[in-house]
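These notes concern the structure reproduced below.
For the single chain, residues carry numbers from 1 onward in sequence order. Predicted model, so just to flag it, every value in this text is computed and none were measured.
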Amino acid sequence: MSDQGEPRRLRLLSYNIQSGLTTRKYSQYFTRSWKHLVPVPSRMSNLDGIARVLTDYDLVGLQEVDAGSLRSGFVNQVKYLADYAGFEYLFDQSNRRIGMISQHGNAVLSRIRPTAITEHKLPGLIPGRGVLEVRFGAGEDALHVLIIHMALGRRGRLLQIEFLAHLVRDYRHVILMGDLNCRSDSPEMGTLLATARLCEPAPGLQTFPSWQPDRHLDHILVSPSIAVERVEVLNHVFSDHLPIAMEVRLPEECRVREPEDKDRIRELHSLP
């Protein structure tokens with residue numbers, strides 16, 4: 001990202017961090033399931049490793065992040081990661097609250113001030129999914145970034161894809177990133193790309209499980225107006241997913257630093 005004027009290039013990262021827990025084999029989902037409910041020291045050292053990965057990027061979308069609960073030791077992981085990696089703007093969307101035990105959701109970290117933040121609840125057979133919409137700039141050439149974690153089941157994902165297609169139908173410049181829980185060659189992905197008019201520049205990148213990746217569940221999709229210069233999966237095993245990174249070049253007409261209209265900014269959770 002350029003330090004002066006309009007940024008034309010952005011370094012993007014999408015990462016499902018599993019609330020800061022590592023997993024090394026499938027059996028640990030059962031034998032270490034208790035770690036999802038209580039604080040463990042390894043979670044903090046793992047967060048430090050994740051934060052070091054984030055340092056190299058301009059805009060980060062996180063899934064399965066905890067906004068401060070018993071299991072995280074009441075550490076707001078969004079703020080912790082932002083402070084460590086030097087992000088000025090941070091917002092979280094808690095989609096699944098279980099009393100004091102967990103505050104589970106999506107988040108965005110940005111080095112550019114967003115113009116607006118909107119939280120959407122996603123439809124589905126089981127509640128607790130959402131999409132965080134972040135707008136940079138204003139008007140028809142604003143950049144819209146969507147952070148999402150889709151349902152495990154196909155029927156739920158199809159409902160969510162219908163919602164997303166309706167949401168972005170009038171947007172020119174869109175970046176959608178997250179854990180979509182479906183493969184690049186799945187019927188759901190085909191429907192999403194067609195109805196939302198998005199592209200997947202490098203389909204089939206394997207991100208799950210992190211210890212032996214053979215499934216492509218995490219994706220970054222873009223509008224045809226956005227040029228993609230690099231895409232890669234990073235080999236950092238701080239979660240059960242691997243992070244996916246992309247460098248993009250925005251079109252000349254896309255203005256991400258339009259003058260702010262503070263009355264229109266809706267900061268859902270701007271942390272001190």
Side-chain angles (χ1 to χ4, degrees), residues 10-23 36 43-69 71-97 102-112 114 117-122 128-136 144-151 175-181 205 207-210 217-221 232-234 236-246 267-271:
L10 289 177
R11 298 164 297 174
L12 312 170
L13 188 81
S14 180
Y15 201 174
N16 180 330
I17 68 167
Q18 196 183 208
S19 69
L21 293 177
T22 58
T23 302
H36 289 269
R43 197 189 299 263
M44 293 308 299
S45 59
N46 215 38
L47 280 180
D48 291 345
I50 292 170
R52 288 192 290 273
V53 175
L54 308 187
T55 302
D56 292 332
Y57 297 90
D58 303 311
L59 187 62
V60 173
L62 300 173
Q63 305 87 46
E64 295 195 15
V65 62
D66 195 293
S69 67
R71 66 175 181 172
S72 69
F74 296 101
V75 171
N76 186 316
Q77 296 180 340
V78 184
K79 179 170 172 49
Y80 186 88
L81 292 170
D83 287 347
Y84 195 119
F87 285 89
E88 185 175 359
Y89 305 107
L90 55 149
F91 306 89
D92 70 80
Q93 177 191 35
S94 291
N95 293 310
R96 194 168 295 162
R97 298 182 176 93
S102 75
Q103 297 280 336
H104 194 80
N106 303 322
V108 62
L109 309 181
S110 177
R111 303 193 190 281
I112 308 170
I117 306 286
T118 307
E119 179 183 27
H120 303 279
K121 297 297 181 186
L122 285 172
R129 302 279 178 178
V131 57
L132 190 59
E133 179 181 1
V134 187
R135 175 162 60 83
F136 298 91
H144 299 265
V145 178
L146 307 177
I147 314 298
I148 189 169
H149 190 183
M150 290 176 62
I175 296 170
L176 185 153
M177 56 182 173
D179 178 356
L180 305 190
N181 270 318
L205 295 178
T207 60
F208 182 88
S210 58
L217 302 185
D218 302 87
H219 307 267
I220 303 179
L221 312 178
E232 62 180 330
V233 174
L234 307 181
H236 296 294
V237 290
F238 298 112
S239 167
D240 59 343
H241 287 245
L242 296 175
I244 183 168
M246 179 180 287
E267 296 185 355
L268 298 176
H269 193 166
S270 181
L271 299 166

By side-chain hydrogen bond (donor to acceptor under 3.5 Å, both in side chains), which residues pair with [X], not counting sequence neighbours?
X: Asn46; result: none
X: Ser14; result: Gln63
X: Gln77; result: none
X: Ser69; result: Asp66

Taking every non-hydrogen atom, the tightest pair across [X] and [Y]:
X: Ala245; Y: Ile220; value: C-CD1, 4.3 Å
X: Gly68; Y: Gln103; value: O-CG, 3.4 Å
X: Gln93; Y: His120; value: NE2-O, 3.0 Å
X: Gly20; Y: Ile50; value: CA-CD1, 4.4 Å
X: Pro114; Y: Phe91; value: CG-CE1, 3.7 Å
X: Ala107; Y: Val65; value: CB-CG1, 3.8 Å

**OP:** Would you check if there is a donor-acceptor pair between the side chains of Ser72 and Arg43 at a distance under 3.5 Å?
**Re:**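 Judged by distance alone, the side chains do not pair up.
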List in chain and number order the residues that pass side-chain contact (heavy atoms from CB on, under 4.5 Å) with [X], two or more places apart in sequence or in another chain; answer none if no residue qualifies.
X: Ala82; result: Phe87, Leu90, Leu109
X: Ser210; result: Val237, Leu242
X: Asp48; result: Arg52, Tyr80, Tyr84

Can you tell me how far apart [atom1] ([X]) and [atom2] ([Y]) are? Round to the nearest 0.5 Å.
X: Leu176; Y: Glu133; atom1: CG; atom2: CD; value: 10.5 Å
X: Tyr15; Y: Leu81; atom1: OH; atom2: CG; value: 10.5 Å
X: Leu47; Y: Phe238; atom1: CG; atom2: CZ; value: 10.5 Å
X: Asp240; Y: Thr207; atom1: CG; atom2: OG1; value: 9.5 Å

Original post:
Of all residues at least two apart in sequence or in a different chain, which pass the ring pair (Phe, Tyr, Trp, His ring centres under 6.0 Å) check with His144?
Top reply: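 By the ring pair (Phe, Tyr, Trp, His ring centres under 6.0 Å) rule, His144 matches Tyr171.
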Original post:
Quick one: ring pair (Phe, Tyr, Trp, His ring centres under 6.0 Å) partners of His241, sequence neighbours excluded?
Top reply: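 Per chain and number, His241 pairs via ring pair (Phe, Tyr, Trp, His ring centres under 6.0 Å) with Phe208.
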Original post:
Val108 pairs by side-chain contact (heavy atoms from CB on, under 4.5 Å) with which of Asp92, Leu62, Val78, Val134?
Top reply: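 Exactly one pass, corresponding to Val134.
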**OP:** Kindly indicate, with the supporting measurements, whether the criterion side chain to side chain contact (heavy atoms under 4.5 Å, CB included) is fulfilled by Leu180 and Leu221.
**Re:** CA-CA 11 Å; Leu180 305 190; Leu221 312 178; 4.2 Å; yes
Subject >> Donor-acceptor contact below 3.5 Å, side chain Arg135 vs main chain Thr118 >> reply: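 No; judged by distance alone, with no hydrogens or angles, the pair does not exist.
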Original post:
Passes side chain to side chain contact (heavy atoms under 4.5 Å, CB included), Leu59 versus Arg111? Steps please.
Top reply: CA-CA 7 Å; Leu59 187 62; Arg111 303 193 190 281; over 6 Å; no
Original post:
Asn16 and side chain to side chain donor-acceptor pair (under 3.5 Å): which partner among Asn181, Asn106, Asp218, Asp179?
Top reply: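 With Asn16 as partner, side chain to side chain donor-acceptor pair (under 3.5 Å) holds for just one option, Asp179.
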Subject >> Heavy-atom check, side chain of His104 versus side chain of Asn95, under 4.5 Å >> reply: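 The answer is no, as the side chains (C-beta and beyond) never meet within the 4.5 Å cut-off.
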**OP:** With sequence neighbours left out, write down each residue that passes salt bridge (Lys or Arg N to Asp or Glu O under 4.0 Å) with Arg129, or none if nothing qualifies.
**Re:**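 Listed in chain order: nothing, the list is empty.
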